[in-house]
Amino acid sequence: MKVVIIGGVAGGATAAARIRRLDEQAQILVFERSGYISYANCGLPYYIGDVIHDKEELTLQTPESFYARFRVEMKVRHEVTAIHPDRKKVTVKNLEGGEIFEESYDKLILSPGAKPTQPRLPGVGLDKVFTLRTVEDTLRIREFIERHHPKSAVLAGGGFIGLELAENLREQGMEVTIVQRPRQLMNPFDADMASFIHSQMRKHGVRLALGHTVEGFEEREGGVDILLKEEAPLHADMVILAIGVTPDTGLAKEAGLELGIKGSIVVNDRMETSVPDIYAAGDAVQVKHSVTGESALISLAGPANKQGRIIADNICGGDSRYFGSQGSSVIKVFDMTAATTGINETNARKAGLDVDTVILSPMSHAGYYPGGRVMTMKVVFEKGTYRLLGAQIVGYEGVDKRIDVLATAIHAGMSAIALKDLDLAYAPPYSSAKDPVNMAGFLVDNIAGGVLRQWHLEDLDKLPRDGSVTLLDTRTVGEYSRGHIEGFRNIPVDELRERLDEIGKGKPVYVMCQSGLRSYISCRILEGSGYEAYNFAGGYRYYESVVDDRVLIETAFPCGMDQ
């Protein structure tokens, strides 16, 4: 059996190694357009930032080491220019020598990945305007920085690459601005949770120009002007486009393979394309979102590696299936961590799901043990069924652990209520006896049992201010004096029982505190005394982050930068 693989990074390299482990006699040939195979794509920004010092550390294997271990021929700097399914051959060009030849196959695997989205804008080709996708892109950017010592950079796009680059360039002392049309960074997060990411970026000096449209680039005064729609241009010494990626599927289209979202390759759960004996994996394929069941594009390394393994199994006579992508991801934002899994509230509602959320601010570990820090968790679930749909966490230590527990729970089909029953490891330096994941389950269980009624930030403007409801803030007098929502009166929770006569009966009471805990206790006191009480999800800390962020997005250009 002869297997030809197009693309030698995540999916392609994984498939090649797995095929060899399953079939010692197979002939395996990989064509990789770049000069590198099996490289750590996610590590590229950290090489630019000199966190990773040696470029050799970016490549997990070389063509030589891969051949020595697996007897797989890795042909770098070779580009497949055409696929001929009728003849089961591919046309290949040697990019160094210029030679063009055909190669036959019994099985063909497409793992071309995705390419940086290149908007059709004036000035995209300027030598100070970069994209970042390959090792070669990384070396060009780092060489430019080492040679020219730029003092400022504008990043067009605020996804994973944009944030990682912003941090690494900022750590080198550069002035960094992120500009993009969407009004929030990190689309997998809801806007309210993204506000905590925005705050962290601003805290570390990254300027945010959100809600602004880039219209082109012009060279000026040794740097680049970034032209914005209806705004004065920004100026920087260099620009990096991190707008996103597009499936690199020109070959598949020309070969007549069925295509889906944004030209991605349609595959079944065995990773087979519409053409017999051709498989596809990685960023180029359309997958099923495992939570919604809808078609999706999810460009992450984990799914690509799993898909490569599944293809290898099936080529070698097995029957492995890919059940969809959940979108679990984590990112370092300076000293903060942000992570997500499943779907967010925004996309759940777009998918037509009737959802609710709980928002909580637990400590990373036991409060009496030194060093604990607050994290903000948002858990999304379906009303009525309490099916767990997704979660987002922003904080410091322990964020990755909790998101992985929640990702596992979603994959297992657990209800949000069942989170309360998980038996999770506890010691004071690592967690609390009631882990944050358990706490989320307790909240949902209280909602299901009618013990907790919530109100959310989007309900604030709808609350009547005519005296027909009572608005109550149960924080301390000092906390209240440092900031509160207009119209909310202050009765600290520990004084509430003695001051119930100040709250008129027969009217709903909308309660809030700093994080949601004291207001929940207040709601139970009120309910036990004959009142109808509703607890604010997230607390004043959450409210302040979201509202302050909205103001900064509206008024700062960008983030205080002079026009």
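Two residues are said to be in side-chain contact when any heavy atoms from C-beta on lie closer than 4.5 Å; Glu136 and Tyr36 meet this criterion. Counting heavy atoms from C-beta outward, Val135 and Tyr47 have side chains that stay 4.5 Å or more apart. Residues Asp313 and Arg309 are in side-chain contact: their nearest non-hydrogen atoms beyond the backbone lie under 4.5 Å apart. In this structure, Leu422 and Met414 have side chains that are in contact, with non-hydrogen atoms separated by less than 4.5 Å. Side-chain atoms of Val154 and Phe217, non-hydrogen and from C-beta on, never get closer than 4.5 Å to each other. Side chains of Pro247 and Leu297 form a contact here, defined as non-hydrogen atoms less than 4.5 Å apart. Side-chain contact between Leu155 and Leu169: present, with at least one pair of heavy atoms (C-beta onward) separated by less than 4.5 Å. The side-chain heavy atoms of Asp50 and Arg142, taken from C-beta on, include a pair separated by under 4.5 Å.
For CD of Glu102, the number of neighbouring non-hydrogen atoms (other residues, nucleotides, ligands) closer than 6.0 Å is greater than 12. Surrounding CZ of Arg21 are more than 12 heavy atoms belonging to other residues, nucleotides or ligands, all under 6.0 Å away. In this structure, Lys2 places its NZ atom where more than 12 heavy-atom neighbours from other residues, nucleotides or ligands lie under 6.0 Å away. No more than 12 heavy atoms of other residues, nucleotides or ligands lie within 6.0 Å of CD in Glu230, so this atom counts as exposed by the packing criterion. Few gaps surround CZ on Arg321; more than 12 heavy atoms of other groups in view lie less than 6.0 Å from it.
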Donor-acceptor contacts under 3.5 Å from residues 253-267 side chains, at least two apart:
{"residue": "Ser264", "atom": "OG", "partner": "Ile261", "partner atom": "N", "Å": "3.3"}
{"residue": "Ser264", "atom": "OG", "partner": "Ile261", "partner atom": "O", "Å": "2.7"}

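A salt bridge is defined here as a Lys NZ or Arg NE, NH1 or NH2 lying under 4.0 Å from an Asp or Glu carboxylate O, and Asp248 with Arg33 meets this definition.
Residues Val30 and Ala16 share a closest heavy-atom pair of CG2-CB, 4.2 Å. The minimum heavy-atom distance between Pro63 and Val76, with the atom names listed, is CG-CG1, 3.7 Å. Counting all heavy atoms, side chain and backbone alike, Gly113 lies closest to Asp283 at C-CB, 3.9 Å. Among all heavy-atom pairs drawn from Ala15 and Ile109, the shortest one is CB-CD1, 3.9 Å. For the residue pair Leu419 and Val437, the shortest heavy atom distance occurs at CB-O, 3.6 Å. Taking each heavy atom of Val355 and Ala348 in turn, the nearest pair found is CG1-CB, 3.7 Å.
Of the N and O atoms on the side chains of Asp549 and Ser195, not one donor lies less than 3.5 Å from an acceptor on the other residue. For Gln392 and Asp190, the side-chain atoms include at least one donor-acceptor pair closer than 3.5 Å. Counting only N and O atoms by type, the side chains of Glu79 and Thr81 include no donor and acceptor under 3.5 Å apart. Using a 3.5 Å distance cut-off with no hydrogens or angles, the side chains of Thr117 and Thr246 do pair a donor with an acceptor.
The closest donor-acceptor contact from the side chain of His289 to the backbone of Val291 lies under 3.5 Å. Checking side-chain atoms of Thr138 against main-chain N and O of Thr134 turns up a donor-acceptor pair under 3.5 Å. Remark: side-chain polar atoms of Lys88 are paired, donor with acceptor, to backbone N or O of Asp106 under 3.5 angstrom. For the pair Arg18 (side chain) and Ile311 (backbone), a donor-acceptor distance under 3.5 Å is absent. With hydrogens and angles ignored, the 3.5 Å screen pairs a side-chain donor or acceptor of Gln184 with a backbone N or O of Met186. In terms of modelled atom types and a separation under 3.5 Å, the side chain of Thr91 and the main chain of Val80 share no donor-acceptor contact. A donor-acceptor pair under 3.5 Å is formed between the side chain of Asn94 and the backbone N or O of Glu96. Put simply, the side chain of Asn268 gets close to the backbone of Arg270: a donor and an acceptor are under 3.5 Å apart. Looking only at distances, a side-chain donor or acceptor of Lys332 sits under 3.5 Å from a matching main-chain atom of Phe334. No side-chain donor-acceptor contact under 3.5 Å links Arg202 to the backbone of Val206.
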Please walk me through it: do Ile315 and Met1 pass side chain to side chain contact (heavy atoms under 4.5 Å, CB included)?
-> CA-CA 9 Å; Ile315 283 177; Met1 178 176 63; 3.5 Å; yes

Gln326 and His411: side chain to side chain contact (heavy atoms under 4.5 Å, CB included), yes or no, with the steps?
-> CA-CA 8 Å; Gln326 199 168 298; His411 181 78; 3.7 Å; yes

Begin with the C-alpha distance, continue with both residues' side-chain angles, and end with the deciding distance and a verdict on side chain to side chain contact (heavy atoms under 4.5 Å, CB included) for Arg402 and Val405.
-> CA-CA 5 Å; Arg402 274 64 186 222; Val405 172; 5.6 Å; no

Would Gln61 and Met74 satisfy side chain to side chain contact (heavy atoms under 4.5 Å, CB included), going step by step from the backbone distance to the final call?
-> CA-CA 10 Å; Gln61 295 275 1; Met74 286 281 186; over 6 Å; no

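Once rounded to the nearest 0.5 Å, the distance linking CG of Leu44 with CD1 of Ile141 reads 9.0 Å. Of the inter-residue distances, the one linking Glu345 atom CD with Phe381 atom CZ reads 10.0 Å to the nearest 0.5 angstrom. The CE atom of Met271 sits 11.5 Å away from the OG atom of Ser320 when rounded to the nearest 0.5 Å. In this structure, OG in Ser65 is found 6.0 Å from CD1 in Ile37, a value given to the nearest 0.5 Å. Rounding to the nearest 0.5 angstrom, the gap separating the CZ atom in Arg183 from the CD atom in Glu554 is 4.5 Å. The distance from atom CG of Leu406 to atom CE of Met377, rounded to the nearest 0.5 Å, is 5.0 Å.
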